[in-house]
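Heavy atoms only: backbone and side chains are in, while hydrogens, waters and symmetry mates are out.
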Amino acid sequence: MNELQALILGLVQGFTEYLPVSSSGHLELGKIILGPEAEAGGLTFDIVVHVATVLSTLVILWREIIWIFAGMFRFNGTMNDEQKYVLNILISMIPVGVVGLCFKDYIESLYANNVIVVVGCCLLVTSVLLALTHFYTPREKDKISPLNAFIIGVAQACAVLPGLSRSGSTIATGLLLGNSRKNLAQFSFLMVIPPILGEALIDFKHMFAPSAEYLAEHAAEASAVVPTSSLIVGFIAAFISGCVACKWMIALVKKCKLIYFAIYCAIIGVIALYCSTL
């Protein structure tokens, strides 16, 4: 993977991680378009750009993170708002934790030979979810309940499929459940930090101690060596674009401007399905 390919894929990862258009789906399409060198970019590159997007979240939402940590260890006999917030994040992690630890490799093996078809279909599903938030506007609740946090977590777990947007699924599900637009984007972005870091740790494990099954399915990725310069370029590109996308997406959710992304996902989904027939 050269520096230009790393720059393009880093920008794709950073922008699409927070915009509701599926970072995994766009990364897969981007690698296919850029050619075999990009497709064999290796686990190291994927880990680096994912960590970069996590850091961009920490930068943009640093005030909220400090607020959470300041209240987590303040005890007065009852749970305060910060502790309830953390509890909701932990609850939202249960579904994605189960899927990530127990079924991720199995699910990936199911679509390994039909990536473009899966991406196309899932982008259409993302489009439908986003469109529903435009036409259905339930009465807003002030706070996210534990049950809603779990349901939003289920939506995030489903986004293990490429093309099914993590941010799009969680935000759309939260809006359809009637949660406040003001708080939902913030919650959605904070709840993805532990799963993304967990996924990076799992990838580290595969990279340094790959199983025989994993090597058989991902031999090219596991053996690929990415130049340090490409890793640096990819990291910087993903971090900067992630900061921009995170801040932009929070503003868009508050203004309910998701219908344009629904149209975009539908167009790209149809194009992907058409290309799969060629």
Side-chain angles (χ1 to χ4, degrees), residues 1 4-34 38-39 41 45-57 59-61 96 108 111 115-116 118-131 133 155-156 158-173 185 188-193 195-197 199-200 203 233-253 257-272 275:
M1 178 185 292
L4 179 58
Q5 291 170 331
L7 174 64
I8 294 171
L9 293 177
L11 291 173
V12 169
Q13 166 63 28
F15 277 121
T16 58
E17 182 65 49
Y18 298 108
L19 299 182
V21 295
S22 176
S23 62
S24 59
H26 278 71
L27 269 180
E28 292 292 344
L29 293 177
K31 289 177 181 179
I32 291 172
I33 293 171
L34 292 175
E39 288 188 77
F45 182 80
D46 290 344
I47 294 170
V48 165
V49 293
H50 275 92
V51 170
T53 51
V54 169
L55 290 178
S56 69
T57 309
V59 169
I60 297 300
L61 298 177
V96 73
E108 288 181 351
Y111 63 76
V115 174
I116 296 182
V118 173
V119 169
C121 291
C122 288
L123 280 171
L124 293 179
V125 173
T126 299
S127 175
V128 171
L129 282 173
L130 295 175
T133 66
Q156 179 179 219
C158 293
V160 69
L161 293 169
L164 194 56
S165 168
R166 191 197 311 258
S167 62
S169 298
T170 54
I171 291 173
T173 300
S188 175
F189 294 155
L190 289 174
M191 68 180 276
V192 305
I193 293 177
I196 290 178
L197 290 177
E199 186 174 0
D203 287 341
V233 169
F235 179 91
I236 295 173
F239 175 76
I240 294 175
S241 57
C243 287
V244 173
C246 184
K247 195 164 187 177
W248 187 27
M249 190 60 194
I250 291 174
L252 288 174
V253 172
K257 299 294 184 180
L258 301 183
I259 188 63
Y260 304 111
F261 293 106
I263 296 170
Y264 171 81
C265 287
I267 293 172
I268 300 300
V270 170
I271 292 174
C275 291

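P20 and C265 get closest at one heavy-atom pair: O-SG, 3.5 Å. When every heavy atom of F239 is checked against every heavy atom of A52, the shortest pair comes out as CD1-O, 3.6 Å. Looking at every heavy atom in both residues, G10 comes nearest to F45 through N-CZ, 4.2 Å. In terms of heavy atoms, A238 sits closest to V49 at CB-O, 3.8 Å. When all heavy atoms are compared, the tightest approach of L164 to A159 is O-CB, 3.3 Å.
Side-chain atoms of Y18 do not come within 3.5 Å of backbone N or O of W248 as any donor-acceptor pair.
At least one side-chain heavy atom of I171 sits less than 4.5 Å from a side-chain heavy atom of L258. Counting heavy atoms from C-beta on, the side chains of S167 and V192 never come closer than 4.5 Å.
Separating the NE2 atom in H26 from the CD1 atom in I268 is a distance of 5.5 Å, to the nearest 0.5 Å. Of the inter-residue distances, the one linking L61 atom CG with K247 atom NZ reads 10.5 Å to the nearest 0.5 angstrom. Here the OH atom belonging to Y264 is positioned 15.5 Å from the CD1 atom belonging to I259, to the nearest 0.5 angstrom. To the nearest 0.5 Å, atom CE of residue M191 and atom CD1 of residue I193 are 11.5 Å apart. Remark: L9 CG to L4 CG distance equals 9.5 Å, nearest 0.5 Å. Note that the OG1 atom of T16 and the CZ atom of R166 stand 11.0 Å from one another [nearest 0.5 Å].
Residues satisfying the side-chain hydrogen bond (donor to acceptor under 3.5 Å, both in side chains) test with S188, not counting sequence neighbours, are T170.
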N/O donor to acceptor pairs below 3.5 angstrom from side-chain atoms of residues 120-129, sequence neighbours left out:
from : atom 1 : to   : atom 2 : distance (Å)
T126 : OG1    : C122 : O      : 3.0
T126 : OG1    : G163 : O      : 3.0
T126 : OG1    : S165 : N      : 3.2
S127 : OG     : A262 : O      : 2.6

CA sep, side-chain torsions, deciding dist, call: F189, M249, side chain to side chain contact (heavy atoms under 4.5 Å, CB included) = CA-CA 10 Å; F189 294 155; M249 190 60 194; 3.4 Å; yes
task = Apply the test side chain to side chain contact (heavy atoms under 4.5 Å, CB included) to residues L29 and V119: give CA-CA distance (whole Å), side-chain angles for both, the deciding distance (0.1 Å), then the verdict.
result = CA-CA 8 Å; L29 293 177; V119 169; 3.9 Å; yes
